[in-house]
S.K.: 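Handing you a structure now.
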Amino acid sequence: MNDHTPINNGAINKDQSNDTQGNDTKSNDPWARFRSSTRARIGLGRAGDGLPTTALLDFQLAHARARDAVHSAVDFDRLATDLSPLPTLRVHSAAPDRPTYLRRPDLGRKLDAASAQRLSADPVAGGWDILFVIADGLSAAAVQVNAAPLIHACHDRLSGWRIGPVVLAEQARVALGDDVATRLGARLVALLVGERPGLSAAESLGVYLTWDAKPGRADSERNCISNIHADGLSIGAAADKLCWLATEAARLKLTGVGLKEDAPSLPGPGNDDKNTQPGLIENA
Amino acid sequence: MAVYWRDLGRQRHRFDDLKTVMACASPRRSGDELAGIAADSDERRVAARMVLADLPLKAFLTETLIPYETDEVTRLIVDSHDANAFRPVAHMTVGQFRDWLLSYEADTVALTALAPGLTPEMVAAVSKLMRNIDLVAVAAKCCVVTRFRTTVGLPGRLSSRLQPNHPTDDPAGIAASTLDGLLYGVGDAVIGINPATDNVPACITLLEMLDAVRTRFDIPVQSCVLAHVTTSIQAIERGAPLDLVFQSIAGTEKANRGFGVSLSLLAEAQEAAKSLKRGTIGDNVMYFETGQGAALSADAHFGVDQQTVETRAYAVARAFDPFLVNTVVGFIGPEYLYDAKQITRAGLEDHFCAKLMGVPMGCDVCYTNHAEADQDDMDVLMTMLATAGVNFIIAVPGADDVMLNYQSLSYHDVLGLRHLLKRPPAPEFEAWLDKAGWLDPQRRLPPWPDQSPVVQALLGSAAA
């Protein structure tokens with residue numbers, strides 16, 4: 001950016017020729033070489049002490065997308081179509097709607113009565129090596145875009161495994177997978193969930209892998225793969241990592257802190273799963 | 001154990017114990033509803049406040065909400081209570097205490113002297129009888145000053161934490177966000193990074209990088225990598241240039257155990273950091289974060305409402321003479337603070353309660369994307385807190401934390417509040433800005449043209 005007004009008159013920085021990510025569209029943006037090293041909103045310029053209009057609206061757009069991701073519903077019919085020819089089962093948590101889901105995490109971890117009854121009565125129950133559960137979590141967009149491709153990629157990599165029907169869970173949190181796995185008789189459950197959206201990634205999917213899942217499992221007994229989205233961990237890399245973990249879990253008969261991720265390090269900027277402050281926040 | 005009640009018309013509101021009175025007297029919030037301890041009607045909420053208003057302050061010295069025998073935080077509170085300091089208000093009910101706090105008699109000198117005589121439960125109780133403006137007015141009379149390389153908390157000033165987080169701890173990315181913030185004059189409270197990876201070598205790398213920036217420009221600031229306290233102790237043992245030791249803390253022994261800390265471990269960390277003698281004008285070396293909901297999320301609240309448990313965390317903080325403490329108010333999520341109304345109220349409560357107890361309180365004015373809040377709401381809270389004399393606020397580039405995925409304040413907001421309310425940063429830092437020629441004749445920090453020598457020097461040196 002250049003063409004700024006003089007510094008001592010408190011006037012507005014008029015030049016807002018940079019685009020959404022602040023890339024220099026003229027020349028001499030002193031921040032240009034820094035922007036490749038961070039997605040932080042650096043070098044925004046100032047309108048007096050406020051944000052320039054372009055930066056203000058960029059922020060509002062990102063926040064709007066994040067909120068839409070939280071509050072819009074997953075189109076589970078379309079998701080089932082995307083998953084075909086794999087069989088699917090629909091369930092609902094005990095949280096009847098989104099406002100309740102956001103206030104009552106305990107309800108999002110349990111099946112509602114009708115779903116529980118339906119699963120327990122399922123004639124195909126029992127003996128699955130692995131079960132995939134798709135939970136809407138906090139990002140409908142993440143689930144809609146990334147869940148079906150990831151599950152297809154995993155099916156391709158898990159030949160010889162007895163894989164249960166894909167369970168589609170509405171208003172669901174991570175621990176709901178424990179209830180589902182118990183009722184359907186699966187020894188390993190991979191729960192895919194829409195992660196709490198940030199402004200830079202509203203479509204991020206996470207996967208929680210749990211051996212011998214049953215209600216009451218602690219988070220330390222799960223393995224997590226996070227940040228699966230277009231600018232993060234790719235579908236292929238996530239499937240590699242998940243299937244490696246699943247194979248190791250079946251061999252060692254455990255998941256969690258006892259199962260170390262010493263898979264070869266994976267490419268991509270999103271290969272970390274520590275983007276929360278432990279104990280202070282639930283990510284999905 | 002006493003039973004409490006209040007008759008309102010034909011309705012008798014009964015409360016089985018003191019913690020039930022406290023929980024029911026709290027403004028409505030999702031965390032207490034999640035815990036199943038909130039008042040089930042608005043009338044019952046007011047009935048509980050009426051009970052509280054008539055309760056002698058002394059009652060909190062005899063009826064503990066969490067047992068002395070099983071909780072080291074309760075033991076700390078009881079054993080460190082200063083009866084002499086308490087004497088001026090010892091005869092008051094909670095309601096009378098509220099009126100006294102608002103009176104002209106309760107000035108800065110009186111409130112400073114009183115602080116060691118107040119327990120968290122007394123302070124939480126009186127906060128429940130206050131409106132938001134009361135919380136602002138009384139907090140504005142409190143003054144808690146701390147020192148390391150800068151002096152934070154002086155009357156009429158507003159300090160800030162520069163938070164240059166990066167999702168992979170990339171040093172170039174962190175440096176970029178740091179330099180950006182310095183151009184807004186942000187960072188006089190601390191330049192503090194939340195690391196993506198909590199291990200000792202990574203922590204040392206970041207500490208060395210921040211120390212290099214500080215010494216290169218000779219800036220009177222302190223830095224902090226917000227790793228676990230045990231990581232910081234090991235970094236000190238390996239000779240890292242560590243200024244402040246960080247730790248998240250909560251209001252019960254069990255919740256602190258969930259964070260992997262105890263009072264003895266915090267004491268050990270404080271001693272280790274003080275032994276480095278890196279502070280030039282003071283030896284407040286600890287930095288704590290707290291937040292309503294932390295104890296409940298660890299299933300460690302023992303039926304006590306989240307605001308009261310939060311206030312107990314300030315007793316933990318107070319024991320270690322911290323340089324900085326801040327509530328992360330909107331960060332923990334809507335299951336604890338559902339919307340902007342609840343976040344705003346909690347931010348003002350946390351600041352008021354901490355200040356009354358003599359704790360140097362700051363605030364991360366913030367929200368997550370699944371809470372019913374936006375930047376307009378943060379504008380309200382930051383302005384109220386700055387008016388209340390908050391020790392410091394946190395800011396990130398463009399209000400968007402790209403590592404923790406939530407929204408805080410922007411560097412712009414800090415500068416705007418400073419200019420609007422005429423509250424300059426810490427005096428040592430202000431002198432540095434002045435010496436560098438960054439202030440205009442009105443003592444403002446104006447926008448820099450990108451080609452100005454200041455910007456070129458700062459950014460050019462980073463590339464070198």
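Proteins get letters first, then strands, A, B, ... in listed order; numbering begins at 1 in each. Just the heavy atoms: all of them, side chains too, but no hydrogens, waters or symmetry mates, feed the values below.
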S.K.: Would you sort out whether B/Tyr411 and A/Leu44 count as a side chain to side chain contact (heavy atoms under 4.5 Å, CB included), showing the intermediate values?
M.R.: CA-CA 10 Å; B/Tyr411 297 146; A/Leu44 294 179; over 6 Å; no
S.K.: So for atom CZ, which belongs to A/Arg65, do other residues, nucleotides or ligands contribute more than 12 heavy atoms lying within a distance under 6.0 Å?
M.R.: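 Result for CZ/A/Arg65: open.
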S.K.: For A/Asp49, run the side-chain hydrogen bond (donor to acceptor under 3.5 Å, both in side chains) check against B/His412, B/Arg418, B/His419 and tell me which one passes.
M.R.: B/His419
S.K.: Hey, mind stepping through B/Asp180 and A/Phe34 against side chain to side chain contact (heavy atoms under 4.5 Å, CB included) and telling me if it holds?
M.R.: CA-CA 10 Å; B/Asp180 192 33; A/Phe34 294 100; over 6 Å; no
S.K.: Please identify which of these residues, A/Leu138, A/Asp68, A/Leu199, meets the side chain to side chain contact (heavy atoms under 4.5 Å, CB included) condition with B/Asn369.
M.R.: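 With B/Asn369 as partner, side chain to side chain contact (heavy atoms under 4.5 Å, CB included) holds for just one option, A/Leu199.
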S.K.: Within the distance-only criterion (no hydrogens, no angle test), does the side chain of A/Arg46 pair as donor or acceptor with the backbone N or O of B/Pro446 below 3.5 angstrom?
M.R.: yes
S.K.: Take B/Glu372 and A/Arg67 through the test side chain to side chain contact (heavy atoms under 4.5 Å, CB included) and record every step on the way to the result.
M.R.: CA-CA 9 Å; B/Glu372 289 298 318; A/Arg67 284 187 54 80; 3.2 Å; yes
S.K.: Check whether A/Arg104 reaches the backbone of B/Glu335 with its side chain - one donor and one acceptor, N or O, closer than 3.5 Å.
M.R.: no
S.K.: Tell me, out of A/Gly198, A/Ser37, A/Ala202, who's got the most heavy-atom pairs with chain B below 4.5 Å.
M.R.: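 Highest number of heavy-atom pairs under 4.5 Å: A/Ser37.
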S.K.: Taking every heavy-atom pair that is under 4.5 Å apart, which of A/Ile42, A/Val70, A/Asp106 has the most such pairs with chain B?
M.R.: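 Most heavy-atom pairs under 4.5 Å with chain B: A/Ile42.
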S.K.: For B/Ala399, which atoms come within 4.5 Å of any heavy atom of chain A: side chain, backbone, both, or neither?
M.R.: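 The answer is both parts of B/Ala399.
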S.K.: Are B/Tyr367 and A/His63 close enough that their ring centers fall under 6.0 Å?
M.R.: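 Between B/Tyr367 and A/His63, the centre distance is under 6.0 Å.
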S.K.: Give, for atom CZ of B/Arg29 and atom CZ of A/Arg103, the distance between the pair rounded to the nearest 0.5 Å.
M.R.: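 Those atoms lie 13.0 Å apart.
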S.K.: Tell me, side chain or backbone of B/Gln375 under 4.5 Å from chain A's heavy atoms, or both, or neither?
M.R.: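 Answer is side chain: those atoms of B/Gln375 sit under 4.5 Å from chain A.
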S.K.: With a 3.5 Å distance limit and no angle check, can you tell me whether A/Arg196 reaches the backbone of B/Asn405 through a side-chain donor-acceptor pair?
M.R.: yes
